[in-house]
Protein chains: 4
Amino acid sequence: MGRTFTESARRRQIVEAAIEVIADAGYAKASFARIAKHAGLSSTGMISYYFKGKDDLLREVIAEVMRVSEAYMLPRIEAETGPRARLRAYIESNVELAAAHPRELAALVEILNGQGDDAEGQFAAARQAVMDFQEHLVRTAQADGEYGPFDARVLVTAVRGAIDAVLVRVLRDPQMDVAASARELADLFDRAVRPSEVCMQPHRLPGEDA
Amino acid sequence: MGRTFTESARRRQIVEAAIEVIADAGYAKASFARIAKHAGLSSTGMISYYFKGKDDLLREVIAEVMRVSEAYMLPRIEAETGPRARLRAYIESNVELAAAHPRELAALVEILNGQGDDAEGQFAAARQAVMDFQEHLVRTAQADGEYGPFDARVLVTAVRGAIDAVLVRVLRDPQMDVAASARELADLFDRAVRPSEVCMQPHRLPGEDA
Amino acid sequence: MGRTFTESARRRQIVEAAIEVIADAGYAKASFARIAKHAGLSSTGMISYYFKGKDDLLREVIAEVMRVSEAYMLPRIEAETGPRARLRAYIESNVELAAAHPRELAALVEILNGQGDDAEGQFAAARQAVMDFQEHLVRTAQADGEYGPFDARVLVTAVRGAIDAVLVRVLRDPQMDVAASARELADLFDRAVRPSEVCMQPHRLPGEDA
Amino acid sequence: MGRTFTESARRRQIVEAAIEVIADAGYAKASFARIAKHAGLSSTGMISYYFKGKDDLLREVIAEVMRVSEAYMLPRIEAETGPRARLRAYIESNVELAAAHPRELAALVEILNGQGDDAEGQFAAARQAVMDFQEHLVRTAQADGEYGPFDARVLVTAVRGAIDAVLVRVLRDPQMDVAASARELADLFDRAVRPSEVCMQPHRLPGEDA
DNA sequence: GATGAATGAGGATTCATTCAT
DNA sequence: TATGAATGAATCCTCATTCAT
């Protein structure tokens, strides 16, 4: 069941080639032929040999990208405490991925879009799971009075969509300041989630010292 | 130059079939063959007969969807005055499209995503133009003190992405309350744009009478 | 059996459009669609209505070109007497057609080439008939001592091919002097046909030293 | 870069099939489907697998024919010395190709004609280059007094066209004596190029009365 | 294990022709 | 007489996948 060393190496090689092709040429154009050529393989047969099918390869590509994203984002999020700080960290670190791993991100965006919604959605499922968990966190924060009384699901969805949009923009326009955009987007949602009573009495914002 | 009656009818028929196929099967799967079958046409040649090529058909599909969207959104936006009310109307009416024209919206989302970024993006261009204009409006509102001092571009991008995400979610999950989601999303950004000095003085909230 | 007036007019109109399309776009690209558009007709059905098929239209095109060619060449040839003068007139007038009727000639060349040799060869037959007759003329001239003792068929074939080649060149290169080329080609064959006894003297073979 | 053995074999096989199909059915009818069937291949996809496109296959066909032609003609031409002997060798060896390699020649003629003048004429270019060089040779010979003072370009064009015409005729009519026709054609142009001073004496020009 | 050859379905598009008005 | 709508075969080409070696 375990993979041979060369087998793993080959798979990795192909996955990387796929990531680059998808990032460069777009998901629709990412045929086995292109990927094979990019990977320096002489035939597409190689890819079919190592991957059960296109879905399989795609799954691996997504897994790789998610691995990279998680490795970047998780520590940054967990370094913070409290829902608002963590939301901010989530948004910022996610946007910053565009600078840290542009190829992977570009490929991810392409896949997200090109996949056709029906696709087994192995990724969509993962994404949905994350969002469901986030929704739960939001509700908890609301119960604790740290967030206002808005619709948690809409917030989570909006955050996700906004991040994606900013990511796309940042990936496309090299003149955009990634870090600044990340901060701005985090600020934006920070303003959106704070309880509005915030300014009804003399009290401190989260993170403020007494 | 003018189109025959049946010609126009056929074109409309094909465009509608295309919209449905794209909405159902996804952009990638929307081949002439599928569209022709869905439209009850005997051959794909018919489509080529009425449309110069796939681009042409696609253009028409997008134009149709934009027409529908504009007809729905514009009056609702123009009925309001002031940047915040209009932003709210923009967001709400856009999300509500998911209930008013679900097929068209679904198709639009598919096209937006599946098109591959390379295509000159005849639509992407339109969308970008709108966003540029919105950016300008935001800056004006900021100069007038109606909006806080955030990055206009990031806001506009975030709004666009958030709407799209909510649209997708609402389209997929029939249990979602479209109107409520629309309102919630509008609220969210309304909170995000208001000047924070709001609570620095003895004041009324926007919309309050003196 | 006789054609109506409008019928003839329509046919002529279509034939002329066909000539221009073939001359401009080449035989291979000369579809009914192009011809119809060039003729200002709204559908290709018109062409099928007036012509039994593509062959029929083609036949008419060829006939028209031949009519034009004959009208130009025949008087010029018949104005001369004697085989050499007539051969010269034949060659010169044929080449000059490139200046007098460039569209028709260009179309003819295209058809000659593009038709595929199998084609019913309605034209090839006519051309062959002319050449057979010319062959006969040559033999007569040879019997009369006006031409040398060469192979008549080869001469006739060579003349035909040479004219065609010069025609093509002249049609393509607007800088070529048509009249001069015509004269030169006629001279060339005039030298080739004259009896060699003309210079009956102690002479060396090619390559021999003096 | 280097081709596999079977790859080369397949390519050759396909090229040969293409040559035969073109020779038999004509250039216009030489579709991938026909060629595949003739080559015993199961699908046209095979051809696309081995050739980048129709142009690519065509290029190979032309290259093959030119290789064959060159291999036959060049030694025969270079065996001679002096412009007239070489011109004769050029003409004779070219015509004789019809007997030596009838299929290839037939295909070549078809391609030459059917290609549509638009195609950059990768072959037409080669042919033009040869003719330009020949023109240069002719002028040199004229300067040396070995040829008469005719228009070099017209001569070269005429030679080319005459050869082609004789080739076509010889290919079509199996009763024609190829070698004799070749000799006759060479003789014809030999007479046409010799300096008229050959017979420099007090005597009448063609057309003059005694 | 690894490879390149082969497959056949499916892609868009163009074409000449037919047919009901 | 005229038209334009419809047809369906044929065009080249790309694709993911299979298979024998």
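Throughout, a chain's letter reflects where its sequence line sits, starting with A, and its residues are numbered from 1.
Within the 4.0 Å cut-off from OP1 or OP2 of E:dT14, not a single side-chain nitrogen or oxygen of B:Tyr49 is found. The side chain of A:Ser31 places no N or O atom within less than 4.0 Å of a non-bridging phosphate oxygen (OP1 or OP2) of F:dT14. At E:dA5, one or more side-chain N or O atoms of D:Thr6 fall inside 4.0 Å of OP1 or OP2 (strictly under the cut-off).
Counting non-hydrogen atoms under 4.0 angstrom, D:Phe5 reaches nothing in the nucleic acid. Backbone-only contact: D:Ser42 has heavy atoms under 4.0 Å from sugar-phosphate atoms and none from a base. Contact annotation for A:Ser43: base contact, defined as any heavy-atom pair under 4.0 Å involving a base atom. Residue contacts shown for A:Phe32 include a base, since a base heavy atom lies under 4.0 Å away. Within the nucleic acid shown, A:Arg10 comes within 4.0 Å of sugar-phosphate atoms alone, with no base atom in reach, counting heavy atoms only. Counting any heavy atom pair closer than 4.0 Å across all strands shown, B:Ser48 reaches a base atom.
Under the 4.0 Å criterion applied to side-chain N and carboxylate O atoms, B:Glu64 and B:Arg67 are assigned as salt-bridge partners. Under the 4.0 Å criterion applied to side-chain N and carboxylate O atoms, D:Lys29 and D:Asp24 are not assigned as salt-bridge partners.
C:Ile35 and C:Val21 make their closest contact through CA-CG2, 4.0 Å (heavy atoms, listed as atom of the first residue, atom of the second, distance).
With DNA chain E read from its 5' end, the first of the two nearest nucleotides for D:Gly45 and B:Ala33 is the one closest to D:Gly45. Heavy-atom nearest nucleotides on DNA chain E were determined for C:Lys54 and for B:Thr44, and the one closer to the 5' end corresponds to B:Thr44.
Following rounding to the nearest Å, D:Ile14 (CD1) and E:dA6 (P) show an atom-to-atom distance of 9 Å.
Within 6.0 Å of the NZ atom in A:Lys54, the count of heavy atoms belonging to other residues, nucleotides or ligands exceeds 12.
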